[in-house]
A.B. asks: 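Below you'll find the structure I mean.
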Amino acid sequence: MTIHNVEIAEKFTRLANLLEIEGANPFRVRAYRNAARVISGITKNVSDLLAQGMDLTELPGIGDDLAEKIKTIVNTGELPILQQIEARTPAVLNELMKIEGLGPKRVQKLYKKLKIHNLKDLEQALAKGKVRKLAGFGEKTEKNIQSSMQHIREYSQRIKLADAFSIANRLVHYLKLLPEAKQVECAGSFRRRRETVGDLDILISANNNEKVINHFLHYNEIATINSQGSTRSAVRLHSGIQVDLRVVPEESYGAALIYFTGSKDHNIAIRKIGIKKKFKINEYGMFKGKKQIAGKSEEEMYHKIGLAYIEPEMREDRGEIELAKKNQLPKLITLADIRGDLHCHTNLTDGTASLETMAAAAELLGYEYIAITDHTQHLAMVHGVNKKSLLAQIKAIDKLNAQLKKLIVLKSCEVDILEDGSLDLPDEVLKELDLTVCSIHSKFNLSAKKQTERVIRAMDNPYFTILGHPSGRLINERKAYQINFEKIIHAAQERHCFLELNAQPDRLDLDDAHCQLAKELGVKLAISTDAHSPEGFAFMQFGIYQARRGWLTAEDVINTRSLAELRKLIKRK
DNA sequence: GCCGTTTTCGGCCCGACTGTTTTCAGTCG
């Protein structure tokens, strides 16, 4: 049995929560939390690394003790200290920590005084009015707990980045209407472009706080106001998302932007560098004694502590700070680098627009090329193409290309990878195409071994070009299928194939960590929208964000190339 | 529990807001 990194991380997180509830040394708790984060941030399997003889104490925040505990988990699947603690403190207390306003101290009190073990117990105690009678609790706390529980029941998930975009942009636009608001930005995980967003953190620089906060509180999408002070306020919108607003003076804007963009771990790391240089860093700026020496802009803050400017998408404390020290940060890809889209559908299968309409839309975007990739016959549900209909489409594309002035339409299709790893159309048809996108659309539940072999066998076909949506996950809906990515990426590298970063907002597949792994192992990606309509081409921006989170440069992505270069690059050897 | 160009012991990021207090603990980001 292989133990996966997420399982190790989950054990440490559970241990940290329970220790905290028991009132353990907070720094010990932090050490376990940190270990969970470090482990889950490693793209390679820790059990494999151990088998290769790696010394885990080389990892940041992992000392002799934690290295030993990780080994124990890998070898036995168990963490004895966690079992001991769970024997005396119920594991389900973890659930209670998710409620807003309940931290370790209050959870401990609920458990010890009222024998509350889980959400159900809590609900009953609340109904009987027991909670408000506890010392430190009161009527308002009781109400807050009830409303947070209600919210958890209704919206347990973080929302997708694309959904957050429309909500955030509308709010930012509203806030900018006020002349007193000098600079307005949505910070937090939104600005780091994480694939899902928990809440929105809005930062404003102004010299009239009262007016700004008042304006904010009159936004017509606000459902409830949770807190309001002279520099910050928190509300919940009708859409269910929480918004935290913070107002700072202009001379602090850069410092505050770093602080509120996070991640928390990135901030802790840069504050530590500040401390070494005898500076104090907070959201108001950088201080030497009482004197402010930086704070107006992010660039100034980073430079003052000897770091190159770090793009928000990289601020996860995954090694970016070390690179910034050496001025070796990658130049991240931008939307402007993209010259074409290699995955889109027409109304021949499940798209909504004709070949001609899709081509015209791509031409308007200034693209040099697109690949038309309709589904193949195995996907009968959408009338996937067979040999005959694909050959007809090829003819239509030839005809269209003769008329188009700026764009070239590449002949392609999204070929189903069948269960045995064969492709859904015969080679004699595939050889007529410029490239293929090969994807799994069936048999998601194979074992990791079988699924991996299936894909690698497909790559053995000389007409395989790009592996489409490689993990098959749908964010918040469907988990990735079991597959060994390291093996897949190695196989792609050996066979001169490519992986897709599918830019559909509910896919964003590959994820950031696997983008990084592909780059490390020398495999290039195609960032493609999988557009099913002309509007679908606009999803490219979300693919770019994910790519930036995976540290990709224009060099790492094949559809940043001119058509001639692309043709050379995708030619199988 | 981790870690060291002030350290192998004694630190570990830091400030705002709420609610329950009557000066501050708890929580959050």
Side-chain angles (χ1 to χ4, degrees), chain A residues 12 15-16 19-21 23-38 56-70 79 81 96-110 131-145 147-148 187-192 197-203 209 213 225-235 242-248 252 255-287 305 317:
Chain A
F12 284 144
L15 180 56
L19 281 171
E20 203 171 28
I21 292 167
N25 177 350
F27 298 106
R28 187 176 165 218
V29 172
R30 186 188 292 174
Y32 282 119
R33 287 240 160 83
N34 183 52
R37 189 181 61 83
V38 169
L56 295 181
T57 61
E58 285 170 23
L59 297 169
I62 307 293
D64 292 338
D65 181 275
L66 279 169
E68 205 51 46
K69 287 192 168 83
I70 295 167
L79 180 58
I81 186 175
L96 300 180
M97 298 271 285
K98 288 183 193 145
I99 296 170
E100 268 174 70
L102 289 190
K105 297 280 158 53
R106 286 182 172 152
V107 168
Q108 185 190 41
K109 198 171 264 179
L110 290 170
V131 174
R132 80 178 83 156
K133 287 183 190 140
L134 285 176
F137 289 76
E139 237 170 281
K140 285 214 169 160
T141 307
E142 180 187 80
K143 271 214 175 101
N144 288 343
I145 293 173
S147 100
S148 171
S189 55
F190 177 85
R191 185 159 178 254
R192 302 202 310 280
V197 174
D199 59 12
L200 300 177
D201 299 294
I202 306 280
L203 183 68
N209 291 13
I213 296 214
I225 296 172
N226 298 336
S227 76
Q228 49 182 314
S230 59
T231 65
R232 65 192 297 178
S233 170
V235 304
Q242 171 154 332
V243 181
D244 295 327
L245 179 97
R246 188 73 186 252
V247 190
V248 297
S252 299
L257 195 51
I258 290 179
Y259 177 71
F260 288 106
T261 298
S263 67
K264 197 174 174 178
D265 299 302
H266 177 88
N267 287 346
I268 289 174
I270 62 174
R271 281 189 184 183
K272 280 184 184 165
I273 296 175
I275 290 170
K276 272 190 194 163
K277 295 185 185 288
K278 305 214 190 239
F279 300 150
K280 187 174 80 164
I281 297 172
N282 58 27
E283 59 260 56
Y284 294 109
M286 190 179 301
F287 299 87
I305 51 168
D317 194 21

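Order of the sequence lines fixes the chain letters, A, B, ..., with proteins taken first and strands second; residue numbering starts at 1 for each chain.
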A.B. asks: Show me the donor-acceptor pairs within less than 3.5 Å that the side chains of residues 273-282 of chain A make with the rest of the protein, sequence neighbours left out.
C.D. replies:
residue, atom, partner, partner atom, Å
A/N282, OD1, A/Y284, N, 2.8
A/N282, OD1, A/G285, N, 3.2

A.B. asks: Rounding to an integer number of Å, can you tell me how far A/L56 CG sits from B/dC2 C1'?
C.D. replies: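 It is 15 Å, rounded to the nearest whole Å.
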
A.B. asks: Between A/N282 and B/dG15, is there a side-chain N or O to OP1/OP2 distance below 4.0 Å?
C.D. replies: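 So the side-chain polar atoms of A/N282 do come within 4.0 Å of the phosphate oxygens OP1 or OP2 of B/dG15, strictly under.
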
A.B. asks: Looking at A/T231, does any N or O in its side chain come under 4.0 Å of the phosphate oxygens OP1/OP2 on B/dC17?
C.D. replies: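 Answer yes for this pair, as a side-chain N or O of A/T231 is under 4.0 Å from OP1 or OP2.
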
A.B. asks: Between B/dC12, B/dG15, B/dG19, which nucleotide has the shortest distance from any of its atoms to the side chain of A/Y284?
C.D. replies: B/dG15

A.B. asks: Can you tell me how far C1' of B/dT21 sits from NZ of A/K140, to the nearest Å?
C.D. replies: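 Computing the A/K140:NZ to B/dT21:C1' distance gives 14 Å.
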
A.B. asks: Whole angstrom is fine here: how far is it from NZ in A/K272 over to P in B/dC13?
C.D. replies: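 It is 5 Å, rounded to the nearest whole Å.
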
A.B. asks: Could you encode protein contacts along nucleotides 24-29 of chain B as a string, one character per nucleotide from 5' to 3', using B for base contact, S for sugar-phosphate-only contact and - for no contact, with a heavy-atom cut-off of under 4.0 Å?
C.D. replies: --SSSB

A.B. asks: Hey, what do you get for CG (A/L245) to OG (A/S227), rounding to the nearest 0.5 Å?
C.D. replies: 10.0 Å

A.B. asks: With sequence neighbours excluded, what pairs up with A/R132 under the salt bridge (charged side-chain N to carboxylate O under 4.0 Å, His left out) test?
C.D. replies: A/E142

A.B. asks: Find the distance A/F12:CZ to B/dC2:P and express it as a whole number of Å.
C.D. replies: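 Value for this atom pair: 9 Å.
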
A.B. asks: With a 4.0 Å limit, can you tell me whether A/R30 has a side-chain N or O closer than that to the phosphate oxygens OP1/OP2 of B/dC13?
C.D. replies: yes

A.B. asks: For nucleotides 3-8 of chain B, give me every protein contact, N/O to N/O, under 3.5 Å, one pair per line with atom names.
C.D. replies:
residue, atom, partner, partner atom, Å
B/dC3, OP1, A/G61, N, 3.0

A.B. asks: If the condition is side chain to side chain donor-acceptor pair (under 3.5 Å), which residues does A/Y32 pass it with, not counting sequence neighbours?
C.D. replies: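 Listed in chain order: A/K69.
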
A.B. asks: Who pairs with A/F287 by ring pair (Phe, Tyr, Trp, His ring centres under 6.0 Å), at least two apart in sequence or on another chain?
C.D. replies: none

A.B. asks: Mind calculating the distance between CD1 (A/I273) and P (B/dC13) to the nearest angstrom?
C.D. replies: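 From A/I273 CD1 to B/dC13 P: 13 Å.
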
A.B. asks: Could you let me know what B/dT8 is paired to, Watson-Crick or G-U wobble, both distances under 3.5 Å, or none if it's on its own?
C.D. replies: none

A.B. asks: Given atom CD1 of A/I202 and atom P of B/dA16, what is their separation to the nearest angstrom?
C.D. replies: 20 Å

A.B. asks: Measuring from A/E100:CD to A/I145:CD1, what's the distance to the nearest 0.5 Å?
C.D. replies: 11.0 Å

A.B. asks: Please say whether the positively charged group of A/R106, taken as NZ for Lys or CZ for Arg, lies over the ring of A/F137, i.e. under 6.0 angstrom from the six-membered ring centre and within 45 degrees of the axis.
C.D. replies: yes

A.B. asks: Take A/K280 and A/A135, find for each the nucleotide of DNA chain B with the closest heavy atom, and name the residue whose nucleotide sits nearer the 5' end.
C.D. replies: A/K280

A.B. asks: Tell me, please, which residues at least two apart from A/R192 pass side chain to side chain donor-acceptor pair (under 3.5 Å).
C.D. replies: A/E316

A.B. asks: Could you pull out all residues at least two apart from A/R37 that satisfy side chain to side chain donor-acceptor pair (under 3.5 Å)?
C.D. replies: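 Counting only residues at least two positions away or on another chain, A/R37 forms a side chain to side chain donor-acceptor pair (under 3.5 Å) with A/N34, A/D265, A/D317.
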
A.B. asks: Side chain of A/R271 only, heavy atoms from C-beta on: which candidate in B/dC13, B/dG1, B/dA16 is closest?
C.D. replies: B/dC13

A.B. asks: Apply side chain to side chain donor-acceptor pair (under 3.5 Å) to A/T57 and list each qualifying residue two or more places apart in sequence or on a separate chain.
C.D. replies: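 Partners of A/T57 by the side chain to side chain donor-acceptor pair (under 3.5 Å) criterion, ordered by chain and then number, come out as A/D55.
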
A.B. asks: Answer yes or no: does a side-chain N or O of A/T141 lie under 4.0 Å from OP1 or OP2 of B/dT18?
C.D. replies: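 No, outside the criterion.
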
A.B. asks: Checking all strands, does A/K143 fall into the base, sugar-phosphate, or nothing category for heavy-atom contacts under 4.0 angstrom?
C.D. replies: nothing

A.B. asks: So, is B/dT7 syn or anti if syn means the angle is within 90° of 0?
C.D. replies: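 Glycosidic conformation of B/dT7: syn.
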
